[in-house]
Number of protein chains: 2
Amino acid sequence: MTTSHGRIDKRQAILRGAFAVFARQGYAQACVQEIANEAGVAKPTVYNHLTDKATLFKHAVQEAAQVALQQRLTALEPLAVPGDDLRATIEGVGHELLRLHCDEHSCALRRLLYSEITRFPDILDVVIESGPHRLTQALADRLARLTLSGRLRATDPERAAEQLLALLVGPLEARSRMGTRLIDDDELWEVTRAAVDTFLQAYGAADRITAAGTASTP
Amino acid sequence: MTTSHGRIDKRQAILRGAFAVFARQGYAQACVQEIANEAGVAKPTVYNHLTDKATLFKHAVQEAAQVALQQRLTALEPLAVPGDDLRATIEGVGHELLRLHCDEHSCALRRLLYSEITRFPDILDVVIESGPHRLTQALADRLARLTLSGRLRATDPERAAEQLLALLVGPLEARSRMGTRLIDDDELWEVTRAAVDTFLQAYGAADRITAAGTASTP
DNA sequence: ATTCTTTTGAACTCATTGGTTCAACATAGT
DNA sequence: ACTATGTTGAACCAATGAGTTCAAAAGAAT
């Protein structure tokens, strides 16, 4: 209605192409002509939908961040209906989160945000709207539920959430050499198991003795 | 000798100015003229010392990464001579690491590496030479020693090291909104205590019962 | 068919900037 | 004093790229 009516939305194609080009060229090095080519569209059409290169960038990044957040939130869902093996459930969720984190799309988005956050105060809104804070909150909600049902002992759910995410994602940053090396699934599972292991040692319920092989003094 | 003789090293000034300008403008947006101004030097002088804008960038980033790593390594030193309160020692080191991590210099370096790592395969050497991997290794060494002396139970020191670093640094990335918000010392200490807490729960020696308030089944 | 909107390609303007050249100047070592 | 090396400022070249203009074309809606 308010945008182009009936015709397949060129705007979407432009934003997608813009993100693709920005992702592999960076903001300054990306030229609008190439974005237009990538989107299968003429250059003036780009300026017809988005006024500026800057706003083009902002909108492209914003959409990318929204879909990324959505993926992560859905990946979190199994925690709402955990099976009898809580560790396995958490490990499954953790592994999926790591897989998403290593995705080409996610890496590119992270790179773009990191690089231009200082010169684009506008995209700070994107970060707080669809950034990691939201994911931490959602995870904290799940952990709070699990704590109430006695299957976890997370006194401070937010703290537990951000630490679990840190344990998952942190080691990857170093291992993947800043996203250049891609990590095979075995290594991904290894990191996941390690993360969930220490997480459960700290926040696991009283069955800690049976869960971890490390019982207290005999 | 091989460089300018006697005269105060302009090269150093150039590299410093280059990093400063690159840090606040990004690679593409930074113009060599401004770098020359920042360094208090004429433009041809820049090209006299460094052949290219690209090599200028590479060298500037490389030096910055080296000093950053050095700072972190020295911050690690108290772990070699831990007092009787191991928790306090680790907390001290952790807090110092976080302080360095939040430093303007460090944030700028991280941003630059993240943004240009794809377009500059050269600086990948910098990452693996002075990147987080080195810090993890050094920390792993310390943790291994502490484990041998019975004050820790880190079967896999490397794993413990990368998890401790993740617990320290990870929560900051989210809280600092990608380095835009600066974090006061109180919050820094809070994150540090939380990190060391769960770290010791997972890797603390047998005095776990006394250290953490959460004893096993009575 | 006709009218209104959108798209298209190409050319064009204008500003920026990497990199160079060169003649004048400063400095250090002898 | 003399020379060799390094520095400076300014002007210059060539390329790149943002953003615009415009007339022609294509679609959609009535």
Side-chain angles (χ1 to χ4, degrees), chain A residues 1-61 112 115-116 118-123, chain B residues 1-61 112 115-116 118-123:
Chain A
M1 255 320 180
T2 163
T3 71
S4 66
H5 43 75
R7 196 73 157 286
I8 37 165
D9 252 351
K10 303 239 172 195
R11 186 189 167 96
Q12 203 68 13
I14 291 174
L15 288 183
R16 268 215 255 267
F19 181 79
V21 175
F22 281 137
R24 68 166 176 269
Q25 304 273 104
Y27 175 75
Q29 287 95 337
C31 77
V32 179
Q33 181 61 60
E34 190 177 347
I35 291 177
N37 293 346
E38 179 93 11
V41 139
K43 187 160 71 143
T45 311
V46 174
Y47 285 100
N48 190 18
H49 287 263
L50 287 308
T51 62
D52 236 341
K53 187 185 180 184
T55 65
L56 173 57
F57 178 71
K58 181 183 173 181
H59 286 180
V61 157
L112 280 179
S115 61
E116 305 299 336
T118 56
R119 274 157 314 270
F120 282 102
D122 296 4
I123 68 175
Chain B
M1 255 318 179
T2 165
T3 71
S4 66
H5 43 79
R7 197 72 160 286
I8 37 166
D9 251 353
K10 304 239 169 191
R11 188 189 165 95
Q12 203 68 12
I14 292 174
L15 287 182
R16 269 215 255 266
F19 181 79
V21 175
F22 282 137
R24 68 166 176 271
Q25 303 274 103
Y27 175 75
Q29 286 95 337
C31 76
V32 179
Q33 181 60 60
E34 190 176 348
I35 291 177
N37 294 346
E38 180 91 13
V41 138
K43 187 158 70 141
T45 309
V46 174
Y47 285 100
N48 190 17
H49 286 263
L50 286 312
T51 63
D52 236 342
K53 187 184 180 185
T55 64
L56 174 58
F57 178 71
K58 182 183 174 181
H59 286 179
V61 158
L112 279 180
S115 60
E116 305 298 336
T118 57
R119 261 134 357 243
F120 280 103
D122 295 5
I123 67 175

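Keep in mind that what you see is a predicted model, and the values were worked out from it rather than measured. Just the heavy atoms: all of them, side chains too, but no hydrogens, waters or symmetry mates, feed the values below.
Heavy-atom distances under 4.0 Å link DNA chain C to no residue of residues 14-25 of chain A.
For the OP1/OP2 pair of dT8(C) and a distance below 4.0 Å, the side-chain nitrogens and oxygens of Thr45(A) include at least one atom meeting the criterion. For dA26(D), neither phosphate oxygen OP1 nor OP2 lies less than 4.0 angstrom from any side-chain nitrogen or oxygen of Lys10(A). The shortest distance between the side-chain N/O atoms of His49(B) and the OP1/OP2 oxygens of dG6(D) is not below 4.0 Å.
Every residue two or more places apart in sequence or in another chain that forms a side chain to side chain donor-acceptor pair (under 3.5 Å) with Asn37(B) is listed here: Gln33(B). Listed by chain and residue number, Gln29(A), Glu116(B) satisfy the side chain to side chain contact (heavy atoms under 4.5 Å, CB included) test with Arg119(B) (two or more places apart in sequence, or in another chain). Shown here are the side chain to side chain contact (heavy atoms under 4.5 Å, CB included) partners of Glu38(A), two or more places apart in sequence or in another chain: Ala20(A), Val21(A), Arg24(A). Legend: residues meeting ring-ring contact (aromatic ring centres under 6.0 Å, His included) with Tyr47(A), ordered by chain and number and at least two apart, are absent. Residues that satisfy the ring-ring contact (aromatic ring centres under 6.0 Å, His included) test with Phe19(B), not counting sequence neighbours, are His105(B).
Between Thr51(A) and Asn48(B), the one whose closest nucleotide on DNA chain D sits nearer the 5' end is Asn48(B).
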Just the atom pairs and distances: protein N or O near nucleotides 15-18 of chain C's N or O, under 3.5 Å.
unit_1, atom_1, unit_2, atom_2, d
dG18(C), OP1, Ala30(B), O, 3.0
dG18(C), OP1, Lys53(B), NZ, 2.9
dG18(C), OP2, Val32(B), N, 2.9

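The NZ atom of Lys10(B) sits 8.0 Å away from atom NE2 of His49(B), with the distance rounded to the nearest 0.5 Å. Asn48(B) contributes atom CG, which lies 14.0 Å from atom NZ of Lys43(B) (distance to the nearest 0.5 angstrom).
Nucleotide dG9(D) holds its P atom 9 Å from the CG atom of Asn37(B), rounded to whole Å. To the nearest angstrom, P of dT7(C) lies 12 Å from CG of Leu50(A).
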Please set out all donor-acceptor pairs under 3.5 angstrom arising from side-chain atoms of residues 50-61 of chain B, sequence neighbours excluded.
unit_1, atom_1, unit_2, atom_2, d
Thr51(B), OG1, Thr55(B), OG1, 3.4
Lys53(B), NZ, Tyr27(B), O, 3.1
Lys53(B), NZ, Ala30(B), O, 2.8
Thr55(B), OG1, Asp52(B), N, 3.2
Thr55(B), OG1, Asp52(B), O, 3.2
His59(B), ND1, Arg11(B), NH2, 3.4

